[in-house]
Amino acid sequence: MKKILVLVVLILSSCGIPYDGETIINLSFKFEDKNAIPTPNIETSISSDFNSYVIYNVDDDVYHKKSDENGRVELKIFKPVSTFAIHINNPSYLSYDIINITTDTIQNFNFDFGTITMFKLEDVADFNITPNQVNSNKIIDKIEVIASKYTGVIDFSTPEVNYPIFNYSLKKNQNFILKYTIKDLNNNSKQNFIENLSIATIPLNHVITY
């Protein structure tokens, strides 16, 4: 049995993910559509990083699995000893890549990624922010969009974005909140703003003047 275990670990390492071959960790997910209805047959798979091929033919039921009728997936895998990624796919929905996951992310051998909303392309519309700088001594320091939105890449190496993002994919037909901070370079003072906005079924362009 131990020989088989060592062989599996060697095969996985050759695919780009070193595993310790002893510790089992549990990764769990729940998938819902835009109406909070569980979505079955969402495929989750493991690879070494964002650009790596998904691991196939090495116990597909463990490292390559689909959500059940309740939209749930649980992966029980050997504990990786390096960074790894999880790819989430279904031909009917937009995909996700969860990258730069480390064992530091996982506490007590369990990690629940929570509920992930699966959007179709027709479910989302672009929200674009255009900066309109009228004072050269001021900059946009921070932007936060509180909304139901799609983010294709979830990067665990950057838990806090420290630069403003100006383009978003939002769920159509919703009210949402835009928060932003303007910084004065003369005295480093900051002023916070909050706007209540709505997006319908077409792209929304919004100008921030500062």
Side-chain angles (χ1 to χ4, degrees), residues 27 29-36 44 47-52 80 82-89 93-107 111-210:
L27 308 176
F29 308 80
K30 183 179 179 182
F31 301 106
E32 295 179 346
D33 67 10
K34 65 175 183 177
N35 298 314
T44 57
S47 72
S48 61
D49 57 43
F50 178 72
N51 295 313
S52 296
S82 66
T83 301
F84 65 102
I86 297 173
H87 307 279
I88 298 169
N89 295 283
Y93 297 92
L94 298 171
S95 63
Y96 287 90
D97 292 293
I98 306 174
I99 64 173
N100 292 316
I101 309 167
T102 67
T103 50
D104 292 336
T105 307
I106 302 163
Q107 302 295 325
F111 191 80
D112 187 354
F113 286 86
T115 299
I116 297 177
T117 302
M118 301 300 297
F119 292 104
K120 296 181 179 181
L121 183 60
E122 60 267 27
D123 293 335
V124 296
D126 292 336
F127 172 53
N128 304 307
I129 299 170
T130 301
N132 179 31
Q133 187 180 36
V134 295
N135 186 333
S136 60
N137 294 317
K138 294 185 177 182
I139 62 170
I140 298 176
D141 185 64
K142 183 179 179 181
I143 292 176
E144 182 182 4
V145 175
I146 303 174
S148 177
K149 56 184 180 286
Y150 167 72
T151 304
V153 176
I154 302 170
D155 191 346
F156 272 81
S157 69
T158 54
E160 184 174 342
V161 176
N162 55 11
Y163 55 87
I165 296 174
F166 297 97
N167 305 102
Y168 300 83
S169 293
L170 304 186
K171 176 185 171 182
K172 293 178 178 178
N173 298 312
Q174 67 167 313
N175 299 319
F176 66 97
I177 297 173
L178 170 64
K179 294 183 177 182
Y180 59 94
T181 302
I182 303 299
K183 181 178 180 179
D184 191 324
L185 299 176
N186 285 326
N187 53 23
N188 288 325
S189 64
K190 296 182 180 181
Q191 189 173 7
N192 297 316
F193 297 88
I194 299 176
E195 296 188 41
N196 295 303
L197 302 174
S198 297
I199 189 167
T201 59
I202 60 175
L204 175 65
N205 299 306
H206 188 74
V207 177
I208 295 178
T209 300
Y210 55 100

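Not measured: the values here are computed from a predicted model. Positions are given from 1, in the same order as the sequence printed here.
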message = Pair Phe113, Ile101 - check side-chain contact (heavy atoms from CB on, under 4.5 Å), show working.
response = CA-CA 11 Å; Phe113 286 86; Ile101 309 167; 4.1 Å; yes
Quiz: residues 115-124 side-chain donor-acceptor pairs under 3.5 angstrom, not counting sequence neighbours:
| residue | atom | partner | partner atom | Å |
| --- | --- | --- | --- | --- |
| Asp123 | OD1 | Lys34 | NZ | 3.3 |
| Asp123 | OD2 | Lys120 | N | 2.7 |

ask   = Would you call the rings of Phe29 and Phe31 parallel, tilted or perpendicular if under 30° counts as parallel and over 60° as perpendicular?
value = parallel
Rounded at 0.5 Å granularity, tell me how far [atom1] in [X] sits from [atom2] in [Y].
{"X": "Ile194", "Y": "Leu178", "atom1": "CD1", "atom2": "CG", "result": "9.5 Å"}
{"X": "Thr151", "Y": "Asp97", "atom1": "OG1", "atom2": "CG", "result": "12.0 Å"}
{"X": "Ile98", "Y": "Thr44", "atom1": "CD1", "atom2": "OG1", "result": "9.0 Å"}
{"X": "Ile154", "Y": "Ile88", "atom1": "CD1", "atom2": "CD1", "result": "6.5 Å"}
{"X": "Asp33", "Y": "Tyr93", "atom1": "CG", "atom2": "OH", "result": "5.0 Å"}

For [X] against [Y], the heavy-atom pair lying closest together:
{"X": "Ile165", "Y": "Tyr168", "answer": "O-OH, 2.9 Å"}
{"X": "Ser189", "Y": "Asn187", "answer": "OG-OD1, 2.7 Å"}
{"X": "Ile146", "Y": "Phe176", "answer": "O-CB, 3.3 Å"}

query = Quick one: side-chain hydrogen bond (donor to acceptor under 3.5 Å, both in side chains) partners of Thr130, sequence neighbours excluded?
reply = none
ask   = For Ile139, does its backbone N or O pair with a side-chain atom of Gln133 as donor and acceptor, under 3.5 Å?
value = no
ask   = Has the side chain of Tyr150 got a donor or acceptor atom that lies under 3.5 Å from a matching backbone atom of Ser95?
value = yes
ask   = Do Ile86 and Tyr96 have side chains that get closer than 4.5 Å, going by heavy atoms?
value = no
query = salt bridge (Lys or Arg N to Asp or Glu O under 4.0 Å): which pairs involve residues 182-194, sequence neighbours left out?
reply = Asp141-Lys190
inquiry  = Which residues pass the ring pair (Phe, Tyr, Trp, His ring centres under 6.0 Å) test with Phe193, not counting sequence neighbours?
reply    = Tyr180
query = Is the closest basic N to carboxylate O distance between Lys142 and Glu144 below 4.0 Å?
reply = no
task = Can you tell me which residue pairs pass the side-chain hydrogen bond (donor to acceptor under 3.5 Å, both in side chains) test with a partner in residues 169-179, sequence neighbours excluded?
result = Asn175-Ser198
What side-chain donor-acceptor pairs closer than 3.5 Å can you find for residues 200-209, not counting sequence neighbours?
| residue | atom | partner | partner atom | Å |
| --- | --- | --- | --- | --- |
| Asn205 | OD1 | Asn128 | ND2 | 3.2 |
| His206 | NE2 | Glu195 | OE1 | 2.9 |
| His206 | NE2 | Glu195 | OE2 | 3.4 |
| Thr209 | OG1 | Asn132 | ND2 | 3.1 |

